[in-house]
Peer 1: 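Here you go, one structure.
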Amino acid sequence: MVPSYHVITLFPEMFSALSQSGVTGRAIDRQLCRLRFWDPRDFTLDSYRTVDDRPFGGGPGMVMRVEPLDLALTAAKTVLEREGVARPRLVHLTPQGRRLDQAMVEGLALEPALVLLAGRYEGIDERLFARHPLEELSIGDYVLSGGELPAMVVLDAVIRQLPGALGHADSAREDSFAQGLLDCPHYTRPEVYLGLEVPVVLKSGDHAAIARWRLCQSLARTRRRRPDLLRGRALSGLERSLLRKLEDEFGDGPQDPSQEGTRSGGD
Ligand code: ADE
């Protein structure tokens with residue numbers, strides 16, 4: 001059984017960006033996963049199909065009504081239960097949630113099913129959370145107009161992890177963060193563009209030297225742009241020695257980014 005991703009959203013059409021292009025579109029076409037939408041408006045019981053209302057206690061904005069969301073979530077869970085997934089992970093996208101990172105993405109990619117709730121308006125009637133155990137997940141400390149873009153971010157990051165989703169078997173493993181480091185620089189033809197040359201080592205055919213150069217570049221970039229990642233990571237002997245060389249070369253002060261890791265990387 002391929003993983004099933006269910007999205008509760010008032011705007012399923014937004015997800016065509018995900019389902020119709022690139023890596024994610026291809027993965028869905030090739031049935032590496034299933035994507036299904038539940039529109040709370042289809043679960044309203046009034047003739048106006050009302051999904052929101054004014055907040056009790058007053059205040060600006062509207063609140064999403066509990067009943068259509070409850071019924072939509074229950075419908076998604078019922079379908080999944082019939083397919084053999086008794087307790088799918090339920091995720092509510094909200095800026096109040098735990099901040100998404102690559103480790104969480106890799107965990108989500110192992111799930112047989114996900115139900116993502118994309119909210120709109122000022123918020124959701126709190127009683128929904130008393131009825132369903134939703135994890136809260138944020139894609140960063142800023143506020144978007146709804147949970148659809150965050151849900152797409154989660155799905156894109158998850159789907160690219162599915163076996164067979166990426167053309168080259170190593171691509172996901174070599175992504176930034178996959179090894180706890182930022183990605184190294186990449187080059188393709190032409191060899192010289194307006195006087196800018198491709199590093200010589202990449203044209204040498206020496207695979208060990210190329211791997212070492214790439215690791216050195218990743219370490220240098222991570223050290224300069226995201227030193228917090230290095231502090232939280234165990235280092236191999238080679239990584240430690242390359243980092244020591246970078247420290248000797250650049251010290252702790254400001255560096256010239258164009259020079260990062262070039263001498264010790266041997267390019
Ligand atoms: N909904 C609105 N903003 C969001 C964010 N930053 N992360 C997740 N869901 C959101």
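Values below: every heavy atom of this structure, side chains too, minus hydrogens, waters and symmetry copies. Start at 1 and go down the list; that is how both ligands and their atoms are numbered.
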Peer 1: Does R223 pair with E247 as a salt bridge, N-O distance under 4.0 Å?
Peer 2: yes

Peer 1: In plain terms, say whether D183 and R214 are close enough for a salt bridge, that is, a side-chain N and a carboxylate O under 4.0 Å apart.
Peer 2: no

Peer 1: Do H6 and F37 have their ring centres less than 6.0 Å from each other?
Peer 2: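 Between H6 and F37, the centre distance exceeds or equals 6.0 Å.
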
Peer 1: Under a 4.0 Å heavy-atom cut-off, which residues neighbour ligand 1?
Peer 2: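 Around ligand 1, where the cutoff is 4.0 Å for heavy atoms, the contacting residues are L93, T94, P95, L137, S138, I139, G140, Y142, V143, L144, G146, P150.
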
Peer 1: Inspect the contact between E191 and K203 and indicate whether a charged nitrogen and a carboxylate oxygen are less than 4.0 angstrom apart.
Peer 2: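 Yes, K203 and E191 are salt-bridged.
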
Peer 1: If you measure from the Lys or Arg side-chain nitrogens to the Asp or Glu carboxylate oxygens, is any gap between D53 and R65 under 4.0 Å?
Peer 2: no

Peer 1: With a 4.0 Å cut-off on N to O distance, would you call R127 and E67 a salt bridge?
Peer 2: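 Looking at R127 and E67, the cut-off is not met.
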
